[in-house]
Amino acid sequence: MNESCKILVERRGDVAVFWTDGYINNQGGEEIARQAYAQLETGARALVLNLEKTRIVNSIGISILIEVLEKVMDRKGVLAFCALTPTIDKTFRIMGLAQYAAIYPTQEEALRAVAAAG
Amino acid sequence: MTRASTVSARTLAGFWRQLSAAGRAGEERPLPGRLADAAVLWSGARAAAVYLREKDGWVRGADAGGFDPSFQMPEPCPESAGFVGDALWIPLASEGEVHGQLVLFGVSAEEGADVAAFLGFVLGSQLAAHRLSRQVKGAEFEVRTRLLELESLYDLGLSLGGQLDLSALADEVLFRSISLTDAGKGTLVLFDDGGQILYERNLGGEILARDRFVSWRIPDGEAVINNAAASVPTAGERLSGCEKCLAVSIAVPGRRLGFLAVADKESRDGSILDFTATDARLLSLFANQAAAAIETARLHRDAIEKERIERELELAAAIQREILPRFLPAVAGVELAAANIPARHIGGDYYDVFPLAGGRVAFLVADVSGKGVPAALLVSTVHAAVHLQIDEAKTIAELVSRIDRHLRRFAATRKFLTLFFGLLEPDTGVLRYVSAGHNPALLVRKSGQLDHLDSTGVPVGMLPNSTWREEVRAMDPGDLLCVYSDGLTEAVDGADEEYGLDRLTADVRERRALPLRQLSDEVLGRVNDFARGMPQYDDQTLLLVRRT
């Protein structure tokens, strides 16, 4: 795992897939938010965040992810997470992210689900 | 249009329409901005700004219309609605609490009071609701964060209890510690039993230089908070690359296992926050969980290592048992007895007796350096070399040289051994011997006179191209030769005193007339009595040869 969070984004039609690698803290969360808003501005309907290479998230990172989620919901879009470690999975469920964003074990399942929701 | 009719025409429904329109125009615009936009649209003002009451004072939250960005809020802030110059100041209040200030430009003095009354109430209510919503969200987030901390402690206890991989365990502790304290960086270091670094992991950057890990003495049982770590040492160490630090020692009673440190607590606005007593308590709980789990993992690892050693020792003992002769040969004109007591930690003693042509008898006692399987394997190699070479060598000095070369060629480990090799012709009483660095053998004459047979060369396998001198002695009938390993003379009692050569000499000399089996048993009994049951760490070997 990298110390600073690196984000890779790939656009697939109206779905943007994000791969994170590293600590989702203030800096990592801000970078995710910046790129997420850019995707929303250019018409992305659904965001899929693959956190396979992230093992650590702090509360600042979570609060930023909640802001991103609120923004996506304002636009009637969809946000999904996939490939979470058990610790992060539980963290997201406790912190309320899972109430409005679906969590999938794999990226394939997440992509199938957001495609069906479209 | 009269003043009353102008304002009354601007209905509440009209304001909501303006507010909705402002919302649609900019979906990303926060509420204060939308309120400023709606206020301009509804009142017909030229420009507006909304100021918010924050912790540190008034902050301009948003503006609209042709607002002059250089405009400054007057000091002190107006407490009631009214004009200051051409600016109409309107406190935005609800339930007696002022949440913000609206300033409008371009509103006529006639309309000012009504506009202020309406917007003060409506925008105040909006801001109050917005602020309350934020507070509820914040409180909910806080509650969830506390729940996450509790769940994390519970999960950590569960996962660490079953985690015996020290590295995975340490990662889990470090990641959760950084995450739950919102730290920007963290370090976890574990020490081995000797106080050396066993594991280290930094995340987010170095807190302390590596060469200071061992000497960083964080007090046991209490977390150290240093919110001025950039300028003030933390537990005696000046930290590098961090502004604020929280550190705890990982320890079990009587033993320091390592330390856990986190640094630079993040905030949403990018500033670095102070660590709190709550953070310290949380990190201490993690450190306690970690200490218990690390100790469990260490004990498990030690148990596995102990089991491995036990298996190795059993194997070594089995090798040794197979090599030592089960029975001594009967040789005319010679009485023989031998005994070997293996130590708990297998050493490498070996003795053997060979009846040779012409009624001669050869015998040896060897003591290999080291213990365990390597020593047992070397004994096995020596055993093979002696049996292979004994018929080839013309003299025992040549035989020892051949054994030396054999070991250099075939032995898997670079070890050496001391060796006493004797050759007795019972008919003539001629005793030839080579002692390769071995303890002096005792030649006890029938009369009780003593002759020490000292070393005639260096230990076998120690130096290349070594040679050994062969010595000769005459053994008369009744003379007794006692060859032994140092496990016998170096047997210790509870006060760590050695049995020693003098006691051995005296005990053998006093019993020189006894049958050798009995003599052997009594001498070993004397050694055992001397040691008073203390565990011995080397094999004890005794070989007795008497010319009859």
Side-chain angles (χ1 to χ4, degrees), chain A residues 1-6 21-34 36-41 43 51 53-77 84-100, chain B residues 23-24 26-30 133-134 136-156 158-159 168 171-187 201-206 241 262 264-273 279 282:
Chain A
M1 189 177 76
N2 287 306
E3 291 169 353
S4 58
C5 191
K6 293 181 174 56
D21 183 354
Y23 186 11
I24 300 183
N25 55 355
N26 196 18
Q27 177 264 326
E30 289 283 11
E31 184 57 21
I32 291 171
R34 190 184 67 75
Y37 299 154
Q39 291 297 324
L40 292 174
E41 285 302 317
L51 270 59
K53 291 186 177 173
T54 284
R55 290 188 59 187
I56 175 167
V57 181
N58 71 7
S59 74
I60 312 294
I62 290 168
S63 67
I64 296 173
L65 290 177
I66 289 172
E67 289 171 16
V68 172
L69 176 60
E70 287 173 348
K71 196 84 71 176
V72 170
M73 289 169 65
D74 284 348
R75 291 170 174 255
K76 310 285 188 270
L84 308 184
T85 67
T87 302
I88 293 178
D89 185 301
K90 187 164 187 177
T91 300
F92 280 9
R93 291 180 195 282
I94 290 173
M95 296 305 291
L97 270 166
Q99 277 180 284
Y100 303 104
Chain B
R24 281 195 300 276
E27 286 180 61
E28 315 303 333
R29 192 149 162 82
S133 167
R134 276 170 49 193
V136 168
K137 277 187 182 175
E140 186 188 355
F141 193 81
E142 189 67 21
V143 167
R144 287 177 184 274
T145 302
R146 295 284 91 79
L147 178 63
L148 181 62
E149 288 172 1
L150 288 173
E151 286 283 341
S152 291
L153 277 169
Y154 177 72
D155 286 349
L156 196 63
L158 283 184
S159 66
D171 275 1
E172 183 77 14
V173 172
L174 179 62
F175 289 171
R176 285 186 187 261
S177 300
I178 291 174
S179 167
L180 288 180
T181 56
D182 285 335
K185 56 181 73 174
T187 296
R201 180 82 185 242
N202 290 304
L203 192 81
E206 190 179 71
V262 292
D264 294 351
K265 182 176 181 173
E266 296 186 339
S267 70
R268 183 67 180 86
D269 64 9
S271 62
I272 294 174
L273 300 176
D279 296 323
L282 186 68

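All figures in this text were calculated on a predicted structure; none of them were measured in a lab.
The most heavy-atom pairs under 4.5 Å with chain B, out of A:Ile66, A:Ile64, A:Ile62, come from A:Ile64. Per-residue counts of heavy-atom pairs under 4.5 Å with chain A were compared for B:Ala183, B:Ser152, B:Gly270; the largest is that of B:Ala183. Contact count versus chain B (heavy atoms, under 4.5 Å) is highest, among A:Thr87, A:Asn58, A:Val57, for A:Asn58.
Taking both residues in full, the closest heavy atoms of A:Tyr100 and A:Leu69 are given as CB-CD2, 3.7 Å, listed atom of the first, atom of the second, then distance. Here the closest non-hydrogen pair linking A:Arg93 and B:Arg144 is O-NH1, 4.1 Å.
Proximity to chain B is absent for every atom of A:Ile24, based on heavy atoms less than 4.5 angstrom apart. In this structure, chain A has a heavy atom under 4.5 Å from the backbone of B:Ser267, while its side chain stays farther away.
Inter-residue side-chain proximity for B:Glu206 and B:Thr187 is flagged as unmet; no heavy-atom pair is nearer than 4.5 Å. Proximity of B:Lys185 to B:Ile178: side-chain heavy atoms (C-beta onward) are nowhere separated by under 4.5 Å.
The backbone N or O of A:Gly22 sits less than 3.5 Å from a side-chain atom of A:Thr54, completing a donor-acceptor pair.
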